[in-house]
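Okay, structure first, notes after.
As the structure is a computational prediction, the values presented were derived from the model and not from experiment. Just so we're on the same page: letters track the sequence lines, and every chain starts at 1.
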Protein chains: 2
Amino acid sequence: MDEQSGTDRRPPSRRIADDLRASIRSGELASGAKLPSERELAGRYGTARNTAREAISILQGEGLVVAQHGRGVFVRPRTPLMRLGANRYSRQLRSETGLSPFRIEVTKQGRTPKTECRSVTRDKPPADVADRLGLDASTATVIRRENWYYADDEPVQVGVTYIPVDVAGESPLASERTLGKGSIYARFEDLGYRITRIREEISARMPYHEESTGLSMPPGVPVIEVLHTSIDEQHRAFEVTRFVMRGDLNGLDYEMPVED
Amino acid sequence: MDEQSGTDRRPPSRRIADDLRASIRSGELASGAKLPSERELAGRYGTARNTAREAISILQGEGLVVAQHGRGVFVRPRTPLMRLGANRYSRQLRSETGLSPFRIEVTKQGRTPKTECRSVTRDKPPADVADRLGLDASTATVIRRENWYYADDEPVQVGVTYIPVDVAGESPLASERTLGKGSIYARFEDLGYRITRIREEISARMPYHEESTGLSMPPGVPVIEVLHTSIDEQHRAFEVTRFVMRGDLNGLDYEMPVED
DNA sequence: GACACGAGCTGGCTTGAGCCAGTTGCGGTA
DNA sequence: TACCGCAACTGGCTCAAGCCAGCTCGTGTC
């Protein structure tokens, strides 16, 4: 726009990034399209290759593009989000379909779901979890169950469930990786804990280094962290799960009454 | 650890980033602490300054550190999140305190809240909003109200509310920036729309360029986007608001019954 | 005591060069 | 025809140097 007047205070890398961003937004560079190569951008703008590279790295940080070694840089296609709702705890849904809401969501997108329980251990609870369960973080022991969720063999979410030993007792929850029909909430019902309320504390952040490798996340994508607490009729918090999910593939969808 | 065997396949920039990350995690570099300068890191590791710089940029992308021109690079202090719950729509809370939940939350943190209605216009609704309101995106008109929320004069969140013209009529909602006591939901009640259910669709992403400048967001921080729908006793969706909030300052906290 | 100035620190940004490592496709060989 | 291998692309990462701009703090002046 205002090239000639010489008063373009933006550094060249910003300018290139701004131009590319505009092209992406206008649709000129469609979803999945290949950007000009670093060397070509550099030539086109009369800058060093590193400067073009810097521009691309800005867009990567914004989550707009992904680079593929040897192939090029591409506009990140926006895949539809899997929307997880509170209905994932619904008894009816559990019994009707026999499928977990995660499986339903993934199937709906034409992908193949898979879940895997990686470990069942006894541990000390993290402070925030102990707090939600009404336990003393330094003395209490909990069962820790680590679950991974996949779509087409691509990991999309992790859930770590903490159960007080007093609740789990000697039930399958305390030791078995597979929990049989109706899955985990059916087992809690076997023990007399029927989920009637949930609390979900939601935050977003960039993934830890382990998460970004474990979930094989591209740069510029945040995670959604959900700290979930299950509460029964007697207002007992009997289980807490921390979900960490890829922000580019997952979303939450709650519908609830306004109380008071 | 395995320096000598020469088989440290990590590129130097990664190695520096890993070391710094470990120092941060161990607490050796506490929250708010100053990292060694780029030039010092370069010297210490025997690399070029650019390489140390690259390492720091990795940590910036992870949201672990913030750079301040002329001062140094610092471990990002983790400020406690403001937790917004469904109670922000509660009638009782509205009448009891006369304060909005946002104001309560901010005050609780010892900061000074401020809200500002930037504009009230008539517009076409975005497709997703039209869908939630049961309108035709291409023909319908809505009132668009843009609100900014501040803590200590720092912008922390934006909310854009869409109201069908049929709902707003000639009420203050359609034109006034200030809505008087009890704020927006009291005005909806004046019109016969009493909020009984809400739907909240939540996602996380990196901020758009405008958002990151408008909310003056440091790099490596995502936003939480909430698409909120208000529903009355007659199952009418009478208002939709899109909230965009800084992920490092805000969180959500819902407690709800499990239905079915 | 208040203030202006500058030295020496910090990060911000660029250059132009080089080498490495994936990817792709073409052409020649078995 | 099937396959191998190489050339020519792509991004990944680094170097060494330079200039700019913001911050801090000491020094010296008024």
Side-chain angles (χ1 to χ4, degrees), chain A residues 6-20 24 29 32-76 209 212-213 216-220, chain B residues 6-21 29 32-76 209 212-213 216-220:
Chain A
T7 18
D8 194 340
R9 313 186 64 78
R10 293 176 298 174
S13 57
R14 298 297 177 119
R15 185 161 134 59
I16 300 176
D18 289 351
D19 285 0
L20 289 172
I24 292 171
L29 282 170
K34 184 170 175 299
L35 270 61
S37 77
E38 297 176 348
R39 286 162 175 92
E40 187 187 333
L41 279 176
R44 191 184 297 180
Y45 283 89
T47 69
R49 185 185 152 207
N50 271 349
T51 302
R53 201 172 155 68
E54 169 69 14
I56 286 172
S57 125
I58 291 173
L59 299 179
Q60 273 199 90
E62 295 175 5
L64 290 177
V65 302
V66 279
Q68 291 179 39
H69 193 174
R71 305 222 316 125
V73 179
F74 301 85
V75 179
R76 153 125 18 102
H209 187 244
S212 87
T213 58
S216 53
M217 295 183 64
Chain B
T7 17
D8 194 340
R9 313 186 63 80
R10 292 176 297 174
S13 58
R14 296 298 176 121
R15 185 162 134 60
I16 300 177
D18 289 350
D19 285 359
L20 289 172
R21 193 187 299 110
L29 282 170
K34 185 170 175 300
L35 270 62
S37 77
E38 296 176 350
R39 287 162 176 90
E40 187 186 333
L41 278 176
R44 192 184 296 180
Y45 283 88
T47 69
R49 184 184 153 208
N50 270 351
T51 302
R53 203 174 155 66
E54 169 69 13
I56 286 172
S57 127
I58 290 173
L59 298 179
Q60 273 197 89
E62 295 175 5
L64 290 178
V65 302
V66 278
Q68 290 180 38
H69 193 173
R71 305 222 315 126
V73 179
F74 301 85
V75 179
R76 154 128 14 112
H209 187 242
S212 87
T213 58
S216 52
M217 295 183 63

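Applying the 6.0 Å contact sphere to CZ of Arg14(B) captures no more than 12 heavy atoms from other residues, nucleotides or ligands.
Less than 4.0 Å separates DNA chain D from at least one heavy atom of each of the following residues of residues 51-70 of chain A: Arg53(A), Ala67(A), Gln68(A), His69(A), Gly70(A). A heavy atom lying under 4.0 Å from DNA chain C marks the following residues of residues 35-45 of chain B, by number: Ser37(B), Glu38(B), Arg39(B).
Between dC13(C), dC15(D), dT15(C), one nucleotide has an atom nearer to the side chain of Thr47(A) than all others, and that is dT15(C). Nearest to the side chain of Arg71(B), among dC23(D), dA16(D), dC13(D), sits dC23(D).
Panel note: side chain Arg76(A), backbone Gly63(A); a donor-acceptor pair is recorded below 3.5 Å.
One finds the CD atom of Glu54(A) at 11.0 Å from the CD atom of Gln60(A) (value rounded to the nearest 0.5 Å).
Applying the 4.0 Å criterion to OP1 and OP2 of dG16(C), one finds that Arg49(A) has every side-chain N and O outside that range. At the phosphate of dC13(D), neither OP1 nor OP2 sits under 4.0 Å from any side-chain N or O atom of Arg10(B).
The distance between atom CG of Asn50(B) and atom C1' of dC19(D), rounded to the nearest whole Å, is 13 Å.
When Thr51(A), Leu20(A), Leu35(A) are each tested for a side chain to side chain contact (heavy atoms under 4.5 Å, CB included) with Leu41(A), only one passes: Leu20(A). Looking at Leu64(A), Val65(A), Val75(A) one by one, the single match for side chain to side chain contact (heavy atoms under 4.5 Å, CB included) with Leu29(A) turns out to be Val75(A).
Ionic pairing of Arg21(B) and Asp18(B) is present here: one or more N-O contacts between side-chain nitrogen and carboxylate oxygen are shorter than 4.0 angstrom.
Residues Leu59(A) and Ala17(A) share a closest heavy-atom pair of CD2-O, 3.8 Å. Shown here for Val66(A) and Pro218(A), the closest heavy-atom pair between the two residues is CG1-CB, 3.9 Å.
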